Peer 1: 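Can you keep this structure in mind? I'll have questions shortly.
All figures in this text were calculated on a predicted structure; none of them were measured in a lab. Labels below follow one simple rule: chain letters A, B, ... track the order of the sequence lines, proteins then strands, and each chain is numbered from 1.
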Amino acid sequence: MRRHHIIAPLPSSITPDPVYRRRRELLKLLGLGAVGLSAGCNSPAAPPAATATPPIPGKTMTIARRVDDAGGESQTTYADATHYNNYYEFGTGKADPAANSGRFVPRPWSLEIAGLAEKTGRYTLEDILGGHALEERIYRMRCVEAWSMVIPWIGFPLGDLLKRFKPLAAAKYVAFTTVERPAQMPGLAYPVLDWPYREGLRMDEAMHPLTLLTVGMYGRELPNQNGAPLRLVVPWKYGFKGIKAIVKIEFVERQPRTTWNAAAPDEYGFYSNVNPAVDHPRWSQKTERRIAGTGFNLFGNRIATLPFNGYAEQVAHLYSGMDLRKNF
Amino acid sequence: MFFRDRIALAKPLAFALCLLPFAHLVWDATHGTLGPDPVAQLEHRSGDWALRLMLATLAVTPLRRLSGWHKAIRFRRMLGLFAFFYASVHLTIYLVIDLGGFWSQLLGEIVKRPYITVGFAAWLLLIPLALTSTQRMMRRLGRHWQQLHRLAYLIALLGVLHYFWLVKADHREPALYLAIWIVLMLVRLPRQARAARTPPTNAAILLKD
């Protein structure tokens, strides 16, 4: 079963670049690299674009421990996880965030804590991270568009941060807001969504140990296109709940307005828990196309979608007694 | 001379040109250069070309009228058949590569998902047009041929809708295709009104080839 278990405590940085590269070459040697449309098309000569994996950019992060919460499933390559993104502030194409986020300046950064808590105010990124041990969490990431990845994130439980500000009993939800910088985020020029991007969680969801306040991936700081410098990862929910480049966290009493829910309430619910039994009105959520492994497979990418993205054991109790068809 | 005239000479070139996006797709598929989600790329690109060629087919007649280059009509069948070809490639990729192993899901999808329903309907409607695209069928059907092939307007619209409905939020690109379709329909309006009074003369030109 998929359990939240610790694999091995690691001293510092994880899987170094050479290992990534060797892994690719190994797979290439096995002939898994390029699969043609017809059987005769397999090219043993490895394509240059796929072999020359550049070293992962960004500063290495020191992590205290590593947890595999993806049941050992094969990881998405760093290149794929950073070049296939939905981050409309940089454009609506999947390649747009990688192409258009170069001008974004993620540091220095400040985060506003507001609303129903004993302590509120504006904090620097260093204030926020101070005192929290970073850990690597390998999670499945299921997009509402029916594709998925397996990504090693780096962060710490959001709940650990929230507790520091002593939320009041009246605080039932947590609302998040993304930064809005038109000069650095060209996608903001087009009102495809109601900017700035907003997301929200119920307090118990926010406090759940799987909910990760994320600052890095693949052993390094988050790249801009993946939500630098601070984002949310909620592995049992559709990917859009994982708000990026967070500038504000607010404790509120009522269910907050969230961007996709406001854009199409019948298509994107507030909860948006991964649920193969509740289809998107326009497409099925029963299966998903997994983007992982060698990074190039024509066949066999489609897999069954699991309730709560495979995290039912840990989170299903949060919704006991709720009609998940109504509260989708 | 192998070729009757310059149009006949240009046809193999046009054929090669229409095949180029497919060749590009096969090249990328066999070289692993389709990006992180290769199957989605194959679907999007084959679908794009089906739609583009469908609209190009519908653009031939207005182009003839505006430019006076009446021989353009002799490329129309090829464009239409290539639209059918790319639509078939698109559907095959969806069925065999994308849904492979999950076909039970598909049967429900065609009925339940409007965007798949209209896409599939567009492909089905293309079949009779492809089958009756030969000169023999043209002669045999006579006046009815043109009536049947007016389905192309509807097919193109279904194709645009198919694209419109699968997009999550950014409708700029499908809107552009819709705008092109509307323009192609509008330029026909005055002619259609006149055609109602006088019998069509297209058949003579079509049969020359």
Peer 1: How long is the gap from CG on Asp80(A) to CG on Asp37(B), to the nearest 0.5 Å?
Peer 2: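 It comes to 9.0 Å.
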Peer 1: Taking every non-hydrogen pair under 4.5 Å, which of Asn86(A), Val192(A), Leu193(A) racks up the most with chain B?
Peer 2: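 Going by pairs under 4.5 Å, I would pick Val192(A).
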Peer 1: At what distance, to the nearest 0.5 angstrom, does CZ of Arg289(A) lie from CZ of Phe102(B)?
Peer 2: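 Going from CZ on Arg289(A) over to CZ on Phe102(B), the span is 12.5 Å.
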Peer 1: If the contact rule is any heavy atom under 4.5 Å from chain A, which residues of residues 78-90 of chain B qualify, in numerical order?
Peer 2: none
Peer 1: Can you pull out the residues in residues 269-283 of chain A with any heavy atom less than 4.5 Å from chain B?
Peer 2: Asp279(A), His280(A), Pro281(A), Arg282(A), Trp283(A)
Peer 1: Near Tyr190(A) OH, under 6.0 Å, is it more than 12 heavy atoms from other residues, nucleotides or ligands?
Peer 2: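 Above 12, so yes.
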Peer 1: With a 4.5 angstrom heavy-atom cut-off, could you sort out which part of Leu166(B) is near chain A: side chain, backbone, both or neither?
Peer 2: backbone
Peer 1: Quick one: do Lys168(B) and Thr92(A) satisfy side-chain contact (heavy atoms from CB on, under 4.5 Å)? Show the steps, please.
Peer 2: CA-CA 10 Å; Lys168(B) 217 164 81 184; Thr92(A) 56; over 6 Å; no
Peer 1: Picking from Thr82(A), Ile291(A), Thr77(A), what satisfies side chain to side chain contact (heavy atoms under 4.5 Å, CB included) with Pro36(B)?
Peer 2: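 The side chain to side chain contact (heavy atoms under 4.5 Å, CB included) with Pro36(B) is passed solely by Ile291(A) among Thr82(A), Ile291(A), Thr77(A).
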Peer 1: Quick check for you: to the nearest 0.5 Å, what is the distance between Leu99(B) atom CG and Thr287(A) atom OG1?
Peer 2: 6.5 Å
